[in-house]
2 protein chains.
Amino acid sequence: MARPGKRINDPEGMRKKVLDVAEDAFQARGYNASSIGDLMAAAGVSGGALHHHFPTKKALALAVIDERVAAAVEETWIAPVLAAASAREGVRAVFEAVATELEQQGFVRGCPLNNLAHELSLADPDFRIALAGIFDGWRRAISDKVRADQQVGRDEGTDPERFAALAVAAYSGAMSMAKAAQDASLLRDCLAGLERSALSPSQGGLAARRRNRILPRPRTL
Amino acid sequence: MARPGKRINDPEGMRKKVLDVAEDAFQARGYNASSIGDLMAAAGVSGGALHHHFPTKKALALAVIDERVAAAVEETWIAPVLAAASAREGVRAVFEAVATELEQQGFVRGCPLNNLAHELSLADPDFRIALAGIFDGWRRAISDKVRADQQVGRDEGTDPERFAALAVAAYSGAMSMAKAAQDASLLRDCLAGLERSALSPSQGGLAARRRNRILPRPRTL
DNA sequence: TTGACAAAACAGGACAACCGGTCTGTTTTA
DNA sequence: TAAAACAGACCGGTTGTCCTGTTTTGTCAA
């Protein structure tokens with residue numbers, strides 16, 4: 001296969017491979033429990049190469065946070081919410097999509113952002129700021145969507161910031177419990193708790209809107 | 001002070017001192033980031049003594065979880081909820097009490113249970129089961145309180161399990177965000193999000209009560 | 001095109017610090 | 001007087017980082 005005398009430099013590919021492995025390891029085992037030796041072996045990368053692209057473990061983690069965790073939040077939350085008919089519909093759709101996905105895959109690894117946030121927020125200011133920024137963008141996307149809804153006359157009684165904070169918090173906490181219990185149905189319980197109250201646009205309005213589907217869209221990520 | 005030739009055996013006191021230090025260290029820095037050497041130094045305990053009371057680091061962590069984390073949840077959540085006039089009142093009171101406490105102390109260290117749960121749930125089955133059990137008792141206390149309310153005719157439209165799951169999730173997630181942002185006001189935002197909706201007993205004032213069966217089976221675990 | 005040549009990319013070993021656990025021995029206590 | 005409680009040294013393994021080389025690649029003059 002690979003000729004011993006030949007070598008092909010592929011900086012970007014190697015960097016991506018390291019980030020792939022690190023993202024997965026940090027998610028599955030956490031930052032401190034993932035040694036760079038493990039990462040080197042898993043990625044098939046030499047110490048010198050790793051050190052060339054990421055001088056320190058902290059630099060690697062920062063890259064994972066900025067490039068991968070942020071992208072994951074963007075992909076599984078922000079984009080679907082923006083694409084939904086309304087903020088409430090978007091939140092509901094994401095909850096159900098994630099629950100369905102977790103039920104299919106059989107185990108719960110938790111939310112990448114929350115996993116790292118709990119372990120690293122207090123460990124280093126740089127980590128904390130990077131993680132807080134992702135939380136911020138997450139909430140902002142939802143609250144902006146609520147404001148957009150309101151400009152069309154919907155949900156005028158809802159405070160955008162508070163609704164966004166509750167949605168993100170409920171999801172984060174639900175994933176935390178689901179991870180500990182290894183039971184994705186807790187996500188559905190939390191969504192149901194929101195449904196009959198916070199997520200019903202006409203505030204407990206029964207007659208209003210009843211046509212929402214059970215499972216909007218598979219949305220495999 | 002302490003005579004060099006004299007020694008006083010105090011097994012329980014020494015055990016308590018180690019648990020105090022470990023609880024604090026695990027909360028502030030996490031499990032993996034806290035070395036037993038640090039703990040020994042902080043507690044002023046020799047290696048032999050520590051090993052006598054806690055053979056392994058895992059045993060120490062398990063003791064912290066079973067005796068301290070569970071007690072913390074009991075003290076700050078379960079007892080206040082049980083003592084409150086209703087489940088909703090209890091939840092509101094705890095949110096506000098914690099928010100006020102965090103604002104006074106100026107920084108947010110997060111929820112001890114969630115901090116350890118994120119780091120250890122996937123690391124070891126024993127950890128996971130112990131942590132999941134605490135989450136379970138937490139939710140059960142709230143749902144039991146809701147059922148007690150309902151036996152007096154209140155909140156009959158509320159699903160106890162779903163309400164409890166949402167309350168715990170919202171709190172857990174709010175603390176997660178508050179820790180990352182170092183901003184306790186996020187707790188108040190989430191409470192407000194719950195207030196005007198889920199936490200209002202008369203469900204928006206309209207024709208309350210509506211058994212929504214939006215999601216398939218209730219599925220209590 | 002070619003041929004230096006410097007910089008980037010990569011390989012792999014070395015290293016000191018640290019980790020958690022064990023071990024032997026001493027002191028206290030029931 | 002034996003067991004419990006404690007002290008402190010010790011050890012093999014791991015950690016993250018650094019260091020010295022080697023190979024590849026882009027650049028630019030000839």
Side-chain angles (χ1 to χ4, degrees), chain A residues 1-23 25-26 28-65 116 119-120 123-124 126-127, chain B residues 1-23 25-26 28-65 116 119-120 123-124 126-127:
Chain A
M1 286 287 177
R3 278 312 229 301
K6 275 296 175 189
R7 198 184 80 191
I8 328 148
N9 284 3
D10 182 19
E12 296 180 9
M14 179 160 277
R15 190 186 134 94
K16 168 173 158 42
K17 192 160 43 174
V18 171
L19 283 176
D20 286 342
V21 168
E23 177 187 10
F26 290 166
R29 272 158 291 170
Y31 174 79
N32 283 296
S34 302
S35 74
I36 62 172
D38 295 340
L39 301 180
M40 281 168 46
V45 165
S46 71
L50 179 58
H51 180 262
H52 178 73
H53 292 282
F54 305 101
T56 65
K57 191 183 182 185
K58 173 180 170 178
L60 173 57
L62 242 19
V64 168
I65 293 171
L116 287 181
E119 188 176 5
L120 301 179
D124 188 294
D126 295 329
F127 284 146
Chain B
M1 281 292 178
R3 275 317 226 295
K6 275 295 175 189
R7 196 184 82 190
I8 330 147
N9 282 4
D10 182 18
E12 296 180 10
M14 180 159 278
R15 191 186 134 92
K16 168 172 159 40
K17 190 160 44 174
V18 171
L19 283 176
D20 285 343
V21 168
E23 178 187 10
F26 290 166
R29 271 157 293 170
Y31 175 80
N32 283 296
S34 301
S35 74
I36 61 172
D38 294 340
L39 301 180
M40 282 167 46
V45 165
S46 71
L50 179 57
H51 180 262
H52 177 75
H53 292 282
F54 306 100
T56 65
K57 193 184 180 184
K58 172 180 171 178
L60 172 58
L62 242 20
V64 168
I65 292 171
L116 287 180
E119 189 177 5
L120 301 179
D124 189 293
D126 295 328
F127 285 146

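Keep in mind that what you see is a predicted model, and the values were worked out from it rather than measured. Below, read A as the first sequence line, B as the second, and so on, with proteins coming before strands; counting in each chain starts at 1.
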Is a donor on one side and an acceptor on the other found under 3.5 Å between the side chain of B/K57 and the backbone of B/Y31?
yes
For the atom pair CG (A/L39) and CG (A/D20), what is the distance rounded to the nearest 0.5 Å?
12.0 Å
Heavy atoms only: give me the nearest B/D38-B/A33 pair and the separation to one decimal.
OD2-O, 4.3 Å
Starting from P on D/dC6, measure out to CG on B/N9 and report it in whole angstrom.
5 Å
Assess the residue pair B/V18 and B/H53 against the criterion (side-chain contact (heavy atoms from CB on, under 4.5 Å)); give the C-alpha distance rounded to whole Å, side-chain angles, the decisive distance to 0.1 Å, and a yes or no.
CA-CA 9 Å; B/V18 171; B/H53 292 282; 5.9 Å; no
For the pair made of CG in B/L60 and P in C/dC19, what is the distance, rounded to whole Å?
15 Å
Residues in contact with DNA chain D, drawn from residues 32-51 of chain A - heavy-atom cutoff 4.0 Å:
A/S34, A/S35, A/I36, A/H51
Verify, without hydrogens or angle tests, whether B/E119 (side chain) and B/G30 (backbone) share a donor-acceptor contact under 3.5 angstrom.
no
Hey, is the side chain of B/H53 poking within less than 4.0 Å of OP1 or OP2 on D/dC6, counting only N and O atoms?
yes
Proximal nucleotide (of D/dA7, C/dG21, C/dC10) relative to the A/D10 side chain:
C/dC10
What's the spacing between B/L50 CG and B/M14 CE if we round to 0.5 Å?
9.5 Å
Name every residue in residues 13-21 of chain B that has at least one heavy atom under 4.0 Å from any atom of DNA chain D, in order of residue number, or write none if there are no such residues.
B/M14
Using only side-chain N and O atoms of A/H52, determine if any of them is under 4.0 Å from OP1 or OP2 of C/dA9.
yes
What heavy-atom pair brings B/S34 and B/A25 nearest, and what distance separates the two atoms?
OG-O, 3.3 Å
Per the atom types in the model, does the base of D/dT24 pair as donor or acceptor with the side chain of A/R7 at under 3.5 Å?
no
With respect to B/L19, which candidate in B/K17, B/R15, B/E23 satisfies the side chain to side chain contact (heavy atoms under 4.5 Å, CB included) definition?
B/R15
For the pair made of NZ in B/K57 and P in D/dT14, what is the distance, rounded to whole Å?
16 Å
How many angstroms lie between atom CG of B/D126 and atom CG of B/L120, to the nearest 0.5 angstrom?
11.5 Å
Nearest-Å distance for atom pair CZ/P, residues A/R29 and D/dT15
11 Å
